[in-house]
A.B. asks: 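Submitted below is the structure of interest, expressed as structure tokens.
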Amino acid sequence: MAKIQTPQAVRGTQDMFGETEERFAHVISTFERVRRLYGFKGLQLPVIEPTAVFSRSLGEATDVVSKEMYTFEDRGGDSITLRPEFTAGIARAYLTNGWQQHAPMKVTTHGPLFRYERPQKGRYRQFHQIDAEIIGAAEPQADVELLVMADQLLHELGINANDSGAVTLELNTLGDVASRDAWRAALVAYFNDHKAALSEDSIARLEKNPLRILDSKDMGDRAICEAAPLIDVYLSGEGQDFFGAVTAGLDAAGVAWTRNAKLVRGLDYYRHTAFEFTTDRLGAQGTVLGGGRYDGLIENLGGPATPAVGWAAGIERLAMLIDAPETDVVKVAVVVEHEVAMASALKAAKILRSNNIAVDFFATGSPRKRFDRATKSGAEGIVAFDRGPIEGTALMKVRADEGQPLAKKLSEVLEDFQ
RNA sequence: GCGACCGUAGCUCAGUUGGUUAGAGCGCUGGUUUGUGGUACCAGAGGUCGGGGGUUCAAGACCCCUCGGUCGCCCCA
């Protein structure tokens, strides 16, 4: 028989099992727990959306829209896109379902996102994020609540800033529309004056996304950025008040933060608050959680002017930063030492499981291996079924820890492990 | 899209300046010991050395192409 080539996973996708999966699941379950502590509702959204949802809200010129989306035509001829981020889809759902009635709406979601990029450490084509948003809230307290929740989440995952220093909250403001536009114009003027010294990448950014030059990794660019104009000079009184309220709120809640006046967001719809929790432990992928205020987005999609704030965090990146969670271990290992005991063993396993006791079942391979595997499973107790004194009957033996084997009734076993 | 490094059993890796039947550990299967058993020992299965082409008397080792992986640039979580 001719060998056929074995199928491969799509580049940039992962098959998670064992510790990798446990870390992943732990991030999500912690997030689900913490989000409830802050009164956020869950949200489940489609993975596919009409392409326009993203092209209109992110901006046609952005890298995400122009070259990173998984877009295809469905059988009806409609252009469909696999979501590259959460916010646009949430905004769409908010409009199509008339969720204005619930405003201010505090929601969270999590799941897979897709971006056609070159995979590297902490970055995949199918990746996963947890996401939190408050829609319909214009006040800075919404920004604060979101940030305090993010901080607590990181803390409960064991990777927060306050003591370990693994992650730090960098905070900036982009101001309101007028402030932001004035700052942007000043930056363009400044960088144009220094165009000759800029890197090739940054000259391109000057046209497409001048704010981005501020976090260039090029050493020459960084030197030029040192003297670049800051938002503070162009920030309106209103913008100052807003930012002041956010920082005061964080201080009141005991959340550590540092000002990074060069922090910007890649997407056009951000206003006011911009923030990132960053780490130096993930190679080139320093951002673990990022977000900001996007008061302009819902209007971009044709809805009413609706203020909103939100953040998203990469589950894979968080999973790489946490300590390995304890692996789930079954409470009882049921071992079938002789075939005549099979029926009794199956029945016992079923009863134990019905009583909410986790059971693993060992009934294949040599009797010796069965017991070995049961021992290695880490179960608290082993319930073994052997041939009984009368032909065709079963004998139950219980062994917990190092003790001598005991003959027990199943009801006693239930008591032991309940 | 660009760059660097890597690709030998299921897994982690050895394989000396190219030279006889390609190895180890773990895992797996069977067995022997250990008085009911997490140990130790023995044996077995499992590889067309990512794929294709080339150089050579001889290539897992050298050259080219190709596919895959990792990391970095860009961009982002």
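Throughout, a chain's letter reflects where its sequence line sits, starting with A, and its residues are numbered from 1. In what follows, every heavy atom counts, from backbone to side chain, and hydrogens, waters and symmetry copies are set aside.
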A.B. asks: Return the orientation label for the A:W99 and A:H102 ring planes: parallel under 30°, perpendicular over 60°, tilted otherwise.
C.D. replies: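 Correct class here is tilted.
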A.B. asks: Quick check: does any side chain N or O of A:N172 sit under 3.5 Å from a backbone N or O of A:L263, one acting as donor and the other as acceptor?
C.D. replies: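 Looks like yes, one N/O pair under 3.5 Å.
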A.B. asks: Could you state the atom-to-atom distance from CD of A:E200 to C1' of B:G1 in whole Å?
C.D. replies: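 Distance, rounded to whole Å: 13 Å.
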A.B. asks: Rounded to whole angstrom units, what separation is found between the CG atom of A:L214 and the P atom of B:C76?
C.D. replies: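 That distance rounds to 13 Å.
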A.B. asks: Give me the distance, rounded to whole Å, that separates B:G3 from B:U8 when you measure between the C1' atoms they each carry.
C.D. replies: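 B:G3 and B:U8 have their C1' atoms separated by 27 Å.
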A.B. asks: Is there a residue in residues 311-338 of chain A whose heavy atoms reach under 4.0 Å of RNA chain B, and which residues are they?
C.D. replies: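 Hits under 4.0 Å, by residue number: A:A312, A:G314, A:R317, A:E337.
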A.B. asks: Is A:D151 reaching over with its side chain to a backbone N or O of A:L147, donor-acceptor style, under 3.5 angstrom?
C.D. replies: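 Flag not set: sc A:D151 to bb A:L147 has no pair under 3.5 Å.
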A.B. asks: Return the polar atom pairs (N/O with N/O) between nucleotides 32-34 of chain B and the protein under 3.5 Å, or none.
C.D. replies:
unit_1	atom_1	unit_2	atom_2	d
B:U33	O4	A:R368	NH1	2.6
B:U33	O4	A:R368	NH2	3.4
B:U34	O4	A:R368	NH1	3.1

A.B. asks: What I want to check is whether the side chains of A:Y38 and A:Q152 have a donor and an acceptor closer together than 3.5 Å.
C.D. replies: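 On atom types as modelled, these side chains qualify, holding a pair under 3.5 Å.
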A.B. asks: Taking the basic N atoms (NZ, or NE/NH1/NH2) and the acidic carboxylate oxygens, is any pair closer than 4.0 Å for A:R212 and A:D63?
C.D. replies: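 No, no charged N to carboxylate O under 4.0 Å.
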A.B. asks: Taking B:G7 as the reference, what is the distance to B:G15 when you measure between their C1' atoms (whole Å, please)?
C.D. replies: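 Nearest-Å result for B:G15 against B:G7 at atom C1': 15 Å.
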A.B. asks: State, yes or no, whether a side-chain contact exists between A:L235 and A:F242 at a heavy-atom distance under 4.5 Å.
C.D. replies: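 No - every pair of side-chain heavy atoms lies 4.5 Å or more apart.
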A.B. asks: Side chains of A:S179 and A:D176: do they bring a donor and an acceptor to under 3.5 Å?
C.D. replies: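 Side chains of A:S179 and A:D176: pair found under 3.5 Å.
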A.B. asks: CD1 of A:I130 to CG of A:L289: how many Å apart, nearest 0.5 Å?
C.D. replies: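 It comes to 6.5 Å.
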A.B. asks: Taking Watson-Crick and G-U wobble pairs with both distances under 3.5 Å, convert RNA chain B into its dot-bracket string, 5' to 3', dots for unpaired and | for cross-strand pairs.
C.D. replies: (((((((..((((.....[...)))).(((((.......))))).....(((((..]....))))))))))))....
A.B. asks: So, for A:E49 and A:G89, which heavy atoms are closest and what is the spacing to 0.1 Å?
C.D. replies: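 Closest pair (atom of A:E49, atom of A:G89, distance): OE2-CA, 3.9 Å.
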A.B. asks: Which value, in whole Å, describes the distance between the C1' atoms of nucleotides B:U12 and B:G69?
C.D. replies: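 Roughly 16 Å separates the two C1' atoms.
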A.B. asks: Which heavy atom of A:L174 sits nearest a heavy atom of A:R180, and at what distance?
C.D. replies: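 Residues A:L174 and A:R180, closest heavy atoms: O-CB, 3.2 Å.
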A.B. asks: Keeping A:T62 on the side-chain end and A:G59 on the backbone end, is there a donor-acceptor pair under 3.5 Å?
C.D. replies: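 Checking the backbone N and O of A:G59 against the side chain of A:T62, a donor-acceptor pair under 3.5 Å is found.
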A.B. asks: I'd like the P distance from B:U20 over to B:U16, given in whole Å.
C.D. replies: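 The answer is 11 Å between these two P atoms.
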A.B. asks: Here's one to test your reading of the geometry: is the NZ or CZ of A:R35 within 45 degrees of the ring axis of A:F40 and under 6.0 Å from its centre?
C.D. replies: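 No - A:R35 does not lie over the ring of A:F40 by the 6.0 Å and 45° rule.
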A.B. asks: Rounded to the Å, how far apart are A:Q8 CD and B:G51 P?
C.D. replies: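 Distance, rounded to whole Å: 13 Å.
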A.B. asks: So what does A:R370 touch, heavy atoms closer than 4.0 Å: a base, only the sugar-phosphate, or nothing?
C.D. replies: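 Counting heavy atoms under 4.0 Å across all strands, no contact is made by A:R370.
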A.B. asks: How close or far is atom P of B:C2 from atom OH of A:Y116, stated in whole angstroms?
C.D. replies: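 That distance rounds to 11 Å.
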A.B. asks: Given the P atoms of B:U66 and B:A58, what is the spacing between them in whole Å?
C.D. replies: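 Comparing P positions in B:U66 and B:A58 gives a spacing of 26 Å.
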A.B. asks: What is the distance, rounded to the nearest whole Å, between atom NE2 of A:H128 and atom C1' of B:C76?
C.D. replies: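 Result: 16 Å.
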A.B. asks: Can you tell me the distance, in whole Å, between the CG atom of A:L263 and the P atom of B:A77?
C.D. replies: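 Value for this atom pair: 11 Å.
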A.B. asks: Spell out protein contact along nucleotides 70-75 of chain B as letters: B when the base is contacted, S when just the sugar-phosphate is, - when no protein heavy atom is under 4.0 Å; keep the 5' to 3' order.
C.D. replies: -SBBBB
A.B. asks: Within this structure, what is the CZ-CD distance for the pair A:R115 and A:E117, rounded to the nearest 0.5 Å?
C.D. replies: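 One finds 6.0 Å between CZ of A:R115 and CD of A:E117.
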A.B. asks: Just verifying a value: how many Å separate A:Q129 CD and A:I315 CD1, rounded to the nearest 0.5 Å?
C.D. replies: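 Here the rounded value is 8.0 Å.
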A.B. asks: Please determine, by modelled atom types, if A:S202 and A:R205 share a side-chain donor-acceptor pair under 3.5 angstrom.
C.D. replies: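 Short answer, yes.
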A.B. asks: Hey, can you pull the donor-acceptor pairs under 3.5 Å for the side chains in residues 335-346 of chain A, sequence neighbours left out?
C.D. replies:
unit_1	atom_1	unit_2	atom_2	d
A:E337	OE2	A:K397	NZ	3.1
A:H338	ND1	A:V340	N	3.2
A:E339	OE2	A:R370	NH2	3.2

A.B. asks: Kindly indicate whether the side chain of A:K67, heavy atoms from C-beta on, has any atom under 4.5 Å from the side chain of A:Y116.
C.D. replies: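 A:K67 does not reach A:Y116 side chain to side chain.
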A.B. asks: Distance between the C1' atoms of B:C57 and B:C11, in whole angstroms?
C.D. replies: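 Taking atom C1' in both B:C57 and B:C11, they lie 38 Å apart.
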A.B. asks: Please give the distance between the P atoms of B:A43 and B:G60 as a whole number of Å.
C.D. replies: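 It works out to 29 Å between them.
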A.B. asks: Taking the P atom in each of B:A9 and B:G23, what is the distance between them to the nearest angstrom?
C.D. replies: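 Result for the P pair: 14 Å, nearest Å.
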A.B. asks: List, with names and distances, any nitrogen or oxygen atoms from the protein found under 3.5 Å away from nitrogen or oxygen atoms belonging to nucleotides 6-11 of chain B.
C.D. replies:
none

A.B. asks: Please state how far atom NZ in A:K208 lies from atom C1' in B:G1, giving the value in whole angstrom units.
C.D. replies: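 To the nearest whole Å, that distance equals 12 Å.
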A.B. asks: Quick one: A:Y269 OH to B:C76 C1', roughly how many Å, whole number?
C.D. replies: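 So the two atoms are 12 Å apart, to the nearest Å.
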